[in-house]
A.B. asks: 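Pasting in a structure now, in structure tokens, and then I'll have a few things to ask.
Letters A, B, ... are given to chains in the order of the sequence lines, protein chains preceding strands, and every chain is numbered from 1.
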Amino acid sequence: MRIATWNVNSVRARADRVVAWLERTGTDVLAIQETKCADDKFPYSVFEAAGYEVAHTGFHQWNGVAVLSRVGLADVEPAFPGQPGYGDEPAIEARALGATCDGVRIWSLYVPHGRSPDHPHYTYKLRWLEQLRTAAAAWHDADPQAQIALLGDWNVIPLDTDVYDVADFAGHTHVTPAEREAFFAFEQAGYTEVSRVHVPAEHTYTYWDYQQLAFPKNRGLRIDFAYASPALAARVEGVRIDREERKGKGASDHVPVILDLENR
DNA sequence: ATGCCCAGAACCTCTGGA
């Protein structure tokens with residue numbers, strides 16, 4: 001089985017490109033982030049015509065996450081237990097969606113950006129990651145054999161070698177010790193970040209800004225990751241970062257991360 | 001080469017993204 005995660009930066013602007021990619025790569029399950037649309041504007045029919053079931057949560061033009069599957073889609077949850085809200089009257093945002101696809105519990109995750117280390121969005125980001133880790137630990141404790149995939153745009157640069165020049169991020173989000181600690185805490189919860197295991201090369205990126213020739217100059221960031229529970233990690237045969245997908249007109253600023261699982 | 005911000009809402013220019 002082939003599963004993947006991709007921040008598509010608007011599903012309506014890129015639906016045809018996503019379908020073409022699904023068919024070209026033979027991907028069975030895709031977690032997508034930043035759909036940037038409300039549920040009633042999601043282009044369901046484009047994906048259904050290609051043979052995929054769709055689960056989506058989106059309230060307006062921001063955030064939005066989905067799971068597409070051609071191997072079954074069940075037990076959809078539009079948020080994780082304890083997921084924090086944001087704002088003066090805290091509201092749950094469309095940043096997490098869970099669904100079970102052929103025995104694998106898939107979570108499509110769009111971690112809050114943080115804006116800047118002195119912004120309320122930053123403390124929200126840390127709280128969000130901590131609550132997700134708490135939920136993920138509980139899932140694993142409840143069933144140590146569960147196959148769980150935490151897939152998405154984590155908005156954290158875990159290592160200095162995950163960015164073209166870490167000095168450019170001094171004073172910014174994504175590289176602070178608290179964010180990195182929150183990211184690596186998933187290891188203590190029993191999860192393994194399998195893209196690092198299979199693609200360990202330094203300066204391997206998943207995102208390049210649209211501005212200032214970032215992609216041709218390879219000024220990118222590695223911020224899209226796949227944490228797997230032990231039972232799922234043992235099943236991962238390979239991981240690929242599809243850098244080709246950043247090329248050409250109409251590309252997202254992120255590229256897909258693909259996991260190949262041993263067939264059961 | 002991959003090419004010098006993009007998408008959405010609204011209809012002008014802001015918000016958010018990193």
A.B. asks: Which pairs pass side-chain hydrogen bond (donor to acceptor under 3.5 Å, both in side chains) with one or both residues in residues 221-234 of chain A, sequence neighbours excluded?
C.D. replies: A:Ser195-A:Arg222, A:Thr206-A:Asp224, A:Asp224-A:His254
A.B. asks: Please state how far atom CD1 in A:Ile241 lies from atom P in B:dT2, giving the value in whole angstrom units.
C.D. replies: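 A:Ile241 atom CD1 is separated from B:dT2 atom P by 20 Å.
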A.B. asks: Ignoring backbone atoms, test whether A:Asn155 places a side-chain nitrogen or oxygen under 4.0 Å from the OP1 or OP2 oxygen of B:dG17.
C.D. replies: no
A.B. asks: Among pairs that include at least one residue of residues 252-264 of chain A, which meet salt bridge (charged side-chain N to carboxylate O under 4.0 Å, His left out), considering only residues two or more places apart or in two chains?
C.D. replies: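 The answer is A:Arg2-A:Asp260.
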A.B. asks: On DNA chain B, check which nucleotide each of A:Trp62 and A:Arg12 is closest to and give me the residue with the more 5' one.
C.D. replies: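 Per heavy-atom nearest nucleotide, the more 5' residue is A:Arg12.
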A.B. asks: Scan residues 200-225 of chain A against DNA chain B and write down, sorted by residue number, each residue with any heavy atom closer than 4.0 Å; if none is found, say none.
C.D. replies: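 Those residues are A:Tyr207, A:Asp209, A:Tyr210, A:Gln211, A:Gln212, A:Leu213, A:Phe215, A:Pro216, A:Leu221, A:Ile223.
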A.B. asks: For B:dG17, does either OP1 or OP2 sit under 4.0 Å from a side-chain N or O belonging to A:Arg115?
C.D. replies: yes
A.B. asks: Quickly work out the A:Lys249 NZ to B:dC5 P distance and round it to whole Å.
C.D. replies: 13 Å
A.B. asks: Please answer whether the main-chain N or O of A:Val156 pairs with a side-chain N or O of A:Glu179 as donor and acceptor at a distance below 3.5 Å.
C.D. replies: no
A.B. asks: Mapping A:Ser10 and A:His174 onto DNA chain B by nearest heavy atom, which one lands closer to the 5' end?
C.D. replies: A:Ser10
A.B. asks: Write down the distance between CG (A:Asp253) and P (B:dG16), rounded to a whole number of angstrom.
C.D. replies: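 Result: 17 Å.
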A.B. asks: Nearest-Å distance, CG (A:Asn9) to P (B:dC6)?
C.D. replies: 10 Å
A.B. asks: According to salt bridge (charged side-chain N to carboxylate O under 4.0 Å, His left out), does anything in residues 146-173 of chain A pair up with another residue at least two apart or in another chain? List the pairs.
C.D. replies: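 Only A:Asp160-A:Arg180, A:Asp162-A:Arg196, A:Asp168-A:Arg219 qualify under salt bridge (charged side-chain N to carboxylate O under 4.0 Å, His left out).
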A.B. asks: Rounding to the closest angstrom, what is the interatomic distance between B:dA18 and B:dC5 at atom C1'?
C.D. replies: 12 Å
A.B. asks: Rounded to whole Å, how long is the line connecting atom CG of A:Asp242 with atom P of B:dT2?
C.D. replies: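 That distance rounds to 15 Å.
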A.B. asks: Using the C1' atom as the point on both nucleotides, what is the distance between B:dT2 and B:dG16, in whole Å?
C.D. replies: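 Comparing C1' positions in B:dG16 and B:dT2 gives a spacing of 25 Å.
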A.B. asks: Can you see if the side chain of A:His121 gets near the phosphate of B:dG16 - specifically, an N or O under 4.0 Å from OP1 or OP2?
C.D. replies: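 Answer is no, no contact under 4.0 Å.
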A.B. asks: A:Arg14: what forms a salt bridge (Lys or Arg N to Asp or Glu O under 4.0 Å) with it, not counting sequence neighbours?
C.D. replies: none
A.B. asks: Give a yes/no on whether any side-chain N or O of A:Thr173 is located under 4.0 angstrom from OP1 or OP2 of B:dA18.
C.D. replies: no
A.B. asks: Could you state the atom-to-atom distance from NE2 of A:His172 to C1' of B:dG16 in whole Å?
C.D. replies: 16 Å
A.B. asks: Across the strands shown, which category fits A:Asp153 at heavy-atom distances under 4.0 angstrom: base, sugar-phosphate, nothing?
C.D. replies: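 Since only primed, P, OP1 and OP2 atoms lie under 4.0 Å of A:Asp153, the category is sugar-phosphate.
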A.B. asks: Expressed as a whole number of Å, how far does the C1' atom of B:dC4 sit from that of B:dT15?
C.D. replies: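 The answer is 23 Å between these two C1' atoms.
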A.B. asks: Short of 4.0 Å, heavy atom to strand atom, which residues of residues 32-42 of chain A count as contacting DNA chain B?
C.D. replies: A:Glu34, A:Lys36, A:Lys41
A.B. asks: Side-chain atoms of residues 99-106 of chain A: list all donor-acceptor pairs with protein atoms under 3.5 Å, sequence neighbours left out, distances to 0.1 Å.
C.D. replies:
| unit_1 | atom_1 | unit_2 | atom_2 | d |
| --- | --- | --- | --- | --- |
| A:Thr100 | OG1 | A:Arg105 | NH1 | 2.9 |
| A:Arg105 | NH1 | A:Asp75 | O | 2.7 |
| A:Arg105 | NH2 | A:Asp75 | O | 2.9 |
| A:Arg105 | NH2 | A:Glu77 | OE2 | 2.8 |

A.B. asks: Just by modelled atom types, is the A:Ile3 backbone N or O under 3.5 Å from a matching donor or acceptor in the A:Asp28 side chain?
C.D. replies: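 Judged by distance alone, no pair lies under 3.5 Å.
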A.B. asks: Nearest-Å distance, CZ (A:Arg95) to C1' (B:dG16)?
C.D. replies: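 Rounded to the whole Å, the gap is 10 Å.
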A.B. asks: Tell me what A:Gly114 touches on the nucleic acid: a base, only sugar-phosphate, or nothing, going by heavy atoms under 4.0 Å.
C.D. replies: nothing
A.B. asks: For residues 138-151 of chain A, which residue pairs pass the side-chain hydrogen bond (donor to acceptor under 3.5 Å, both in side chains) check, not counting sequence neighbours?
C.D. replies: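 Of all non-adjacent pairs touching residues 138-151 of chain A, those that pass side-chain hydrogen bond (donor to acceptor under 3.5 Å, both in side chains) are A:Gln147-A:Arg235.
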A.B. asks: Kindly say whether A:Ala201 contributes a backbone atom to a donor-acceptor pair with the side chain of A:Thr204 at under 3.5 angstrom?
C.D. replies: yes
A.B. asks: Could you tell me how far apart A:Tyr164 (OH) and B:dA18 (P) are, to the nearest whole angstrom?
C.D. replies: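 My rounded result for the distance is 14 Å.
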A.B. asks: Side-chain polar contacts of residues 127-135 of chain A - donor-acceptor pairs under 3.5 angstrom, sequence neighbours left out - could you list them?
C.D. replies:
| unit_1 | atom_1 | unit_2 | atom_2 | d |
| --- | --- | --- | --- | --- |
| A:Thr134 | OG1 | A:Glu130 | O | 3.0 |

